[in-house]
Amino acid sequence: MLRNIFALFFRSLRSDSRSLWVHLSWLFLLLVIYLALLSAQEQSRYTGAPGLEFFRIVIYLDLAFVTLLGVSFFSSAISEEKEEDTLGLMTMAGISPLGLLLGKSTTRLFQVFLLLAVQYPFTLLAITLGGLMPDQIYAAYAALLAYTALLANIGLLCSVLARRSRDAAGLTMLWLVGYIFGPLFALAGYSAITTTGDPFWVPWAPVLSPILQLISKTSVFTELYEVTETGYQLQWTPQVISNLAGAVALFVLARILFPFVSHDMSQESTHRMMVPKGAGRFRVLGTGRAWGQALTWKDFHFIAGGWAGILIRCCLYVGLYFLAVAASYPWDQPVGGRHLRWEDVTFGYELFVVPLFIADCAMCASRIFHDEIRHQTLASLLMLPRNINDVVYSKIWGCLFGLFPGAIAVVASFLVMQGGRRSLYEGIDEPVAWWMGLNLILLVHLCLVISLYLRWGVIATAAALTFGSMMLTTIFADMFLRPISSGRPDDYFVILIFPVVLAIVGCHVAVLLRLPALGEK
């Protein structure tokens, strides 16, 4: 019985151990160690405790890597079998539901654990460099592994419930938003209850205060911040316990629900993402007739979500602004002394709207040619009496129409909203702002290029390449360009803009060269 349960588990481990992608990931995480050492060496000139700075860079980069990887890697465990219509064949082969879940999901979690374990011996260098104790390293890795287990199992549950990988990734992304912002609002509520003395909250304070305080400590982001502070003592924290308990509970729930959804296949030909059928009063949200530019119409509705996607994005960006207002409101002040600073609201909105818009663009870019490659219809598409440039940019324009609300939100935050115009004028004159903006654009282009080579992990790989190159060029600039620059300290970033522009142009060329090769297969 145990052999049947773990048969797929061990087979997946053996195949992953021979995968080129896994070995490249190990190499990348080791390069992160080297880049963190260089960065800590540069920062040691201005601050003390280089070991602490080195460890912070490593652990936060690992956190970002695991988070980005979880959106597509963990959430496609079962849904990819539904898309390929092979889930029924696997159950007919005698593989039990528990064996399927262990073989498709737990092996991925185990591989990520191994990726993080590669770094562990090197992070002990932080103790030698100074500013860090061994207990802090143990606690940080315990928090990160507990969060990884929780993320893997929420991805598994979303993969079991969703018909397609993109729907599972979207559900996982929504969970991440709640996981990030839920403890933050709990912390704000706890501060408001305990410090303001508002008569409305006084009767509820004994009940709500412990609950809100416990929720505020369940986030890995809060836990890693506390772990990397001086004087931390190793202990079992609410974050580690709650994340591990949540991982076990989600795995059990996925096992219970699996028999009810295992026969619900993709039905890709009759159902597409967020596009409604357009019946009754919601007819205006339907696809309608195809436009003159059929490829633009197709990608606007079936990748960007169509009119329903635009409506959802509008609600999301407007709701994000109200969240920025709630986060900037001085809840911890007395009622009569609460004065909202709209500059803080605009800054908080800018801080989150730009990454959200880039993430939306990256997800759409990674899906532009996904269906054509998976259904092997790319050759038929390229046989149309249109040149390849027209085909590619028509599909890109379809996605851009669906992303229009995000572009308006970004422009409004930097131009229209109070305090945004000032930050825009300040940023235009800063070369480092241009450099960072172009790198975000490069991230989206890399997602499109890498999607032509990889089936999953596209966004995580693109983000790793982008931010890794940003770290490397920043260290290079601090070591070689800053000493010879004249004028303002950041003027040397003008030199770093040109390689980014060339890389963006190179992505366009790579797409146009790669597609004919894929069409011949």
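Please read all numbers here as calculations on a predicted model, not as lab measurements.
Shortest non-hydrogen contact noted between S75 and A168 is O-CB, 3.1 Å. The two residues I215 and G182 have their closest heavy-atom pair at CG2-O, 4.5 Å. Shortest non-hydrogen contact noted between F357 and A407 is CE1-N, 3.4 Å. In terms of heavy-atom proximity, P516 sits nearest to L512 at CD-O, 3.1 Å. The heavy-atom pair separating T148 from F74 by the smallest distance is CG2-CZ, 4.3 Å. The two residues F401 and I310 have their closest heavy-atom pair at O-CD1, 3.9 Å.
In this structure, Q119 CD and L144 CG are separated by 9.0 Å, a value rounded to the nearest 0.5 Å. One distance of note links OH of Y453 with CZ of R514; it measures 4.5 Å at 0.5 Å rounding. Between the CD1 atom of I78 and the OG atom of S105 there is a distance of 7.0 Å, given to the nearest 0.5 Å. Taking OG of S451 as the reference point, atom CD1 of I459 lies at 10.0 Å (rounded to 0.5 Å). Atom-to-atom distance recorded for C158:SG and L174:CG is 8.5 Å, nearest 0.5 angstrom. Rounded to the nearest 0.5 Å, atoms CG (N153) and CG (L109) are 7.0 Å apart.
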Chi angles and distances behind the side chain to side chain contact (heavy atoms under 4.5 Å, CB included) call for E226, Q239: CA-CA 11 Å; E226 295 179 356; Q239 184 268 331; over 6 Å; no

S413/Y321 under side chain to side chain donor-acceptor pair (under 3.5 Å): CA gap, chis, key distance, verdict: CA-CA 9 Å; S413 65; Y321 185 75; over 6 Å; no

Working for ring-ring contact (aromatic ring centres under 6.0 Å, His included), residues F300 and W307: CA-CA 9 Å; F300 169 70; W307 302 113; 5.1 Å; yes

Stepwise side chain to side chain contact (heavy atoms under 4.5 Å, CB included) test for I408 and V411: CA-CA 5 Å; I408 294 178; V411 172; 5.9 Å; no

Test log, rule side chain to side chain contact (heavy atoms under 4.5 Å, CB included), inputs F251 and T106: CA-CA 10 Å; F251 184 86; T106 309; 3.9 Å; yes

Check against side chain to side chain contact (heavy atoms under 4.5 Å, CB included), W435 and T473: CA-CA 11 Å; W435 177 73; T473 52; 3.3 Å; yes

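Applying the salt bridge (charged side-chain N to carboxylate O under 4.0 Å, His left out) test to residues at least two apart or on different chains, none of the pairs has a partner in residues 434-448.
Counting heavy atoms of neighbouring residues, nucleotides and ligands inside a 6.0 Å radius, atom CZ of F110 does not exceed 12 of them. Enclosure of atom CZ in F113 by more than 12 non-hydrogen atoms of other residues, nucleotides or ligands within 6.0 angstrom is indicated. More than 12 heavy atoms of other residues, nucleotides or ligands sit less than 6.0 Å from atom CE of M470.
In this structure the side chain of I441 never reaches within 4.5 angstrom of the side chain of V444, judged on heavy atoms. For the pair I396/L448, a side-chain contact is recorded, criterion being any heavy-atom separation below 4.5 Å from C-beta on. In this structure, the side chains of L403 and R313 come closer than 4.5 Å at one or more pairs of heavy atoms. Residues V391 and L515 fail the side-chain proximity criterion, which asks for heavy atoms closer than 4.5 Å. Using a 4.5 Å heavy-atom cutoff, the side chains of L176 and L151 are in contact. Between Y317 and L356 the shortest side-chain heavy-atom distance falls below 4.5 Å. Using a 4.5 Å heavy-atom threshold, the side chains of L150 and I154 count as separate. With a 4.5 Å cut-off on side-chain heavy atoms, V220 and L224 count as touching.
Judged by distance alone, the side chain of S159 and the main-chain N or O of G155 form no donor-acceptor pair under 3.5 Å. In terms of modelled atom types and a separation under 3.5 Å, the side chain of E223 and the main chain of V240 share no donor-acceptor contact. No donor-acceptor pair under 3.5 Å is formed between the side chain of S394 and the backbone N or O of T296.
The aromatic rings of W175 and Y147 lie parallel to each other, with less than 30° between the two planes, well short of the 60° mark. Ring geometry for H445 versus H508: interplanar angle of 30 to 60°, hence tilted.
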